Amino acid sequence: MYAYNQFDQTLVDQRVDQYRDQTRRYLAGEIPEAEFRVLRLMNGLYIQRLAPMLRVAIPYGLMKSDQLRTLAQISRTYDKGYGHFTTRQNMQFNWPTLESVPDILADLAKVQMHAIQTSGACIRNTTTDPFAGVSADEIEDTRPWCEMIRQWSTLHPEFAYLPRKFKIAVSGSSSDRAASQVHDIGLHLYHNEQGEMGFEVLVGGGLGRTPVIGKTVRKFLEPQELLSYLDAVLRVYNLNGRRDNKYKARIKILVNAVGIDAFAEMVEAEWQFTKGKDLRLPTAEIERVKGFFKPPNYLSVENAQSSLKAEMAAHPQFAKWYKQNTRDHKQPGYRIVVVALKNQLQAPGDVSHQQMDGIASLADQFSFAELRSTHDQNLVLADVAQRDLLSLWLKLTDLGMARANIGTLTDMINCPGLDFCSLANAETLILSRQINETFDDMDYQYELGEIQLKISGCINACGHHHVGHIGILGVEKGGKQVYQFTLGGSASNDASLGKTLGRSIDQDQVVVVIGQILDVYVQQRKTDETFLQTVRRIGFAPFKERVYGTHQRSAA
Amino acid sequence: MALIKDQQLSLSHAATPHIRFADWLDDDLVISDAVLTNGADDLACLLANANKLSVIAIEFETFADGRGFSMARMLRRDGYQGEIRAVGDVAMDRIEFMHRVGFNAFELREDQDALQALAKLGEVSVHFQPSADGKGPAYMR
């Protein structure tokens with residue numbers, strides 16, 4: 001993966017000093033509250049309901065084992081011994097003190113990490129496919145391009161006070177695992193009819209209050225001009241995006257207001273000034289960055305393989321885990337392993353310091369000392385030789401991280417909700433607990449197949465509920481926490497926004513309603529039909545009838 | 001009012017331009033070559049007339065209004081050589097970015113200490129991306 005040079009290190013070190021001075025002046029009363037708020041947000045520090053929350057950047061979800069060990073150490077020293085992985089592949093600490101943040105940043109800088117631009121109205125952490133560089137269906141490795149975007153966007157002087165936050169996602173394989181169609185900018189690496197590699201550029205996607213699927217603003221972008229084109233889009237947005245209403249300030253509102261064709265023309269006009277100039281990426285630079293992402297020293301197929309069949313026969317639980325939690329690798333003899341952060345005892349995405357240390361050691365031992373975080377709040381060991389799978393599984397089992405539920409109902413996305421977040425209207429963690437208690441039969445979950453359940457505690461949609469096959473949105477009505485269900489959403493290639501099922505549901509009825517929805521699916525599905533396919537085929541009527549038809553369960 | 005200009009404290013300098021760009025444009029009798037503008041003005045028109053102006057003051061009504069950053073950048077890109085002055089809600093924690101996009105004068109908010117602010121220029125000494133400061137992107141060096 002990318003390693004800092006003296007230049008990167010200087011930038012991060014000086015940024016720590018800068019933030020330390022800002023914190024000092026704030027505590028001395030020299031910076032007004034409203035102004036410090038913006039300064040701390042640009043450094044990932046929120047003030048939550050109970051304590052500050054610090055969000056640490058994990059650029060495109062890629063980490064070295066030493067970096068994860070540092071996160072574990074920080075959680076012990078400054079927090080309550082755990083961290084939380086977010087849908088932007090970052091890590092959040094929920095209990096640091098405001099005064100300690102400069103020290104945390106200094107600790108992070110020692111292992112080439114920071115919290116720059118993890119919040120605020122600026123360009124956020126670029127996200128990508130957690131299987132980049134290793135998946136069997138990959139067209140092109142997205143990581144070098146993410147790194148080039150990271151460098152260009154870091155402390156960008158012109159785009160630090162945008163109308164609103166700005167999120168970029170990059171996908172480079174036939175199946176979109178980066179939710180690129182629901183980002184401010186989505187980039188798809190592909191080969192055109194002439195066989196040239198380039199980007200399809202989508203703009204104006206997003207979730208939140210006004211969920212929108214992104215629209216193509218440029219069908220093919222020469223990769224050397226990636227940054228000059230992004231620069232043009234950002235400048236058009238910075239000058240023309242609405243600033244009078246923060247709920248209308250995202251780029252999607254601008255794109256919808258002027259229309260995608262007019263927006264594309266505005267970008268093209270601005271791009272004429274920057275195209276072919278100093279933002280054009282030189283081939284040498286592209287090659288230099290690509291050099292950081294060369295394949296590791298893989299074993300030969302013969303050496304990487306073991307008697308997998310015999311091992312599976314001897315360990316049926318291992319066989320289930322292999323089927324559910326590992327994926328095809330482009331290197332023969334290797335598997336991609338998804339490490340579930342979705343057990344029955346912890347909130348989705350939460351990880352204890354012992355687990356962080358444990359998994360860092362497993363990365364050292366089995367996956368070239370690297371690991372990744374995913375947008376659906378799990379971890380990935382990307383390069384595991386088949387012969388090591390059984391040992392890895394045994395060790396993950398000891399850590400409580402071998403639950404074989406990836407892609408199933410209990411592999412849900414869950415924002416922290418009202419337990420932590422000052423924006424939330426409703427609790428969400430209680431729902432994941434109830435769901436885990438109610439649907440604890442793994443065979444039933446396997447029988448259901450792939451279901452993406454996504455839960456948000458407010459309309460800001462950090463839990464991506466709009467694109468869940470089943471989405472749940474917590475709202476507050478008359479002092480009561482109730483939950484709106486949506487069905488039929490997807491963040492993949494067939495991206496779609498879920499539609500509301502009907503009236504809100506009381507908190508204690510949420511698992512009942514999930515059960516009813518699943519019953520309808522099981523009764524109506526055709527052979528090999530997934531939940532999403534069934535919903536799309538039969539429509540909402542049977543689900544509405546089952547949930548609302550005979551019983552009054554609504555919170556009205 | 002404290003003014004930082006060309007990276008030093010300026011003791012003698014012109015007062016804040018008070019003629020708004022739109023009025024300057026409308027009124028042929030105005031002979032001033034210093035105007036006050038902000039993100040609400042017609043930027044294409046400002047760029048077209050910039051060569052007649054020696055001071056362009058870009059106003060930040062609130063610090064969160066980032067349009068002025070792109071305005072300065074585009075003025076410099078067009079070859080404007082005169083003074084670009086940041087006025088309004090201007091504080092030490094933003095002048096480094098302002099400087100990089102092309103502002104060369106900063107009228108600081110009342111509560112700001114000018115010497116302390118001066119020290120903020122160059123607080124982060126390395127930059128990845130090209131900007132109006134003439135330095136190319138990191139990969140060109």
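We name chains A, B, ... by the order of the sequence lines, and we start the count at 1 in each one. In this text, all values refer to a predicted model and were calculated from it rather than measured experimentally.
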Under 4.5 Å from a heavy atom of chain A, the part of [X] involved:
X        : answer
B/Asp65  : both
B/Ser125 : both
B/Ser70  : both
B/Met98  : neither

Would you say [X] and [Y] make side-chain contact, with heavy atoms under 4.5 Å?
X       : Y        : result
A/Leu11 : B/Phe128 : yes
B/Met74 : A/Glu158 : no
B/Asp93 : A/Phe36  : no
A/Asp21 : B/Lys120 : yes
B/His99 : A/Pro157 : no

Spacing of A/Thr154 atom OG1 and B/His127 atom NE2 [to the nearest 0.5 Å]:
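Result: 12.5 Å between the selected atoms.
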
To the closest 0.5 Å, what do you measure between CD (B/Glu123) and CG (A/Asp17)?
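Answer for the CD-CG pair, B/Glu123 versus A/Asp17, is 8.0 Å.
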
Going by an N to O cut-off under 4.0 Å, is there a salt bridge joining A/Arg243 and B/Glu61?
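Not counted as a salt bridge, because no side-chain N and carboxylate O are separated by less than 4.0 Å.
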
May I ask you to say whether A/Glu270 pairs ionically with B/Arg73, meaning some side-chain N is under 4.0 Å from a carboxylate O?
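Here A/Glu270 does not pair with B/Arg73 in a salt bridge, since their nearest N and O are not under 4.0 Å apart.
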
Give the member of B/Met92, B/Arg94, B/Gln112 that has the highest number of heavy-atom pairs under 4.5 Å with chain A.
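The residue among B/Met92, B/Arg94, B/Gln112 with the greatest pair count is B/Arg94.
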
Crowded around [X] [atom1]? As in, over 12 foreign heavy atoms under 6.0 Å?
X        : atom1 : result
A/Arg37  : CZ    : no
B/Gln116 : CD    : yes
A/Lys248 : NZ    : no

May I ask you to check if A/Arg288 and B/Tyr139 form a cation-pi contact, with NZ or CZ under 6.0 angstrom from the six-membered ring centre and within 45° of the axis?
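Here A/Arg288 fails the 6.0 Å and 45° test against B/Tyr139.
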
Nearest heavy atoms of [X] and [Y], plus distance in Å:
X        : Y        : answer
B/Val124 : A/Gln18  : CG2-OE1, 3.7 Å
A/Tyr161 : B/Phe63  : CD2-O, 3.6 Å
B/Met71  : A/Leu239 : CG-CD2, 4.1 Å

Tell me, out of A/Leu155, A/Leu281, A/Thr10, who's got the most heavy-atom pairs with chain B below 4.5 Å.
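Most heavy-atom pairs within the cutoff with chain B belong to A/Leu155.
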
Taking every non-hydrogen pair under 4.5 Å, which of A/Glu285, A/Glu30, A/Gln22, A/Glu35 racks up the most with chain B?
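Winner by heavy-atom pair count: A/Glu35.
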
Please state whether the side chain, the backbone, both or neither of [X] comes within less than 4.5 Å of a heavy atom of chain B.
X        : answer
A/Pro163 : neither
A/Arg280 : backbone
A/Leu234 : neither

Is any residue of residues 39-46 of chain A within less than 4.5 Å of chain B by heavy atoms, and which ones?
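At a heavy-atom separation under 4.5 Å, chain B is reached by A/Leu39.
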
Can you list the residues of residues 38-54 of chain B that sit under 4.5 Å from chain A, counting heavy atoms only?
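The stretch touches chain A at B/Leu43.
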
What verdict does the side chain to side chain contact (heavy atoms under 4.5 Å, CB included) test give for B/Arg77 and A/Thr274, after you've listed the backbone C-alpha separation in whole Å, the side-chain angles of each residue and the deciding distance to 0.1 Å?
CA-CA 10 Å; B/Arg77 185 172 77 190; A/Thr274 51; 3.9 Å; yes

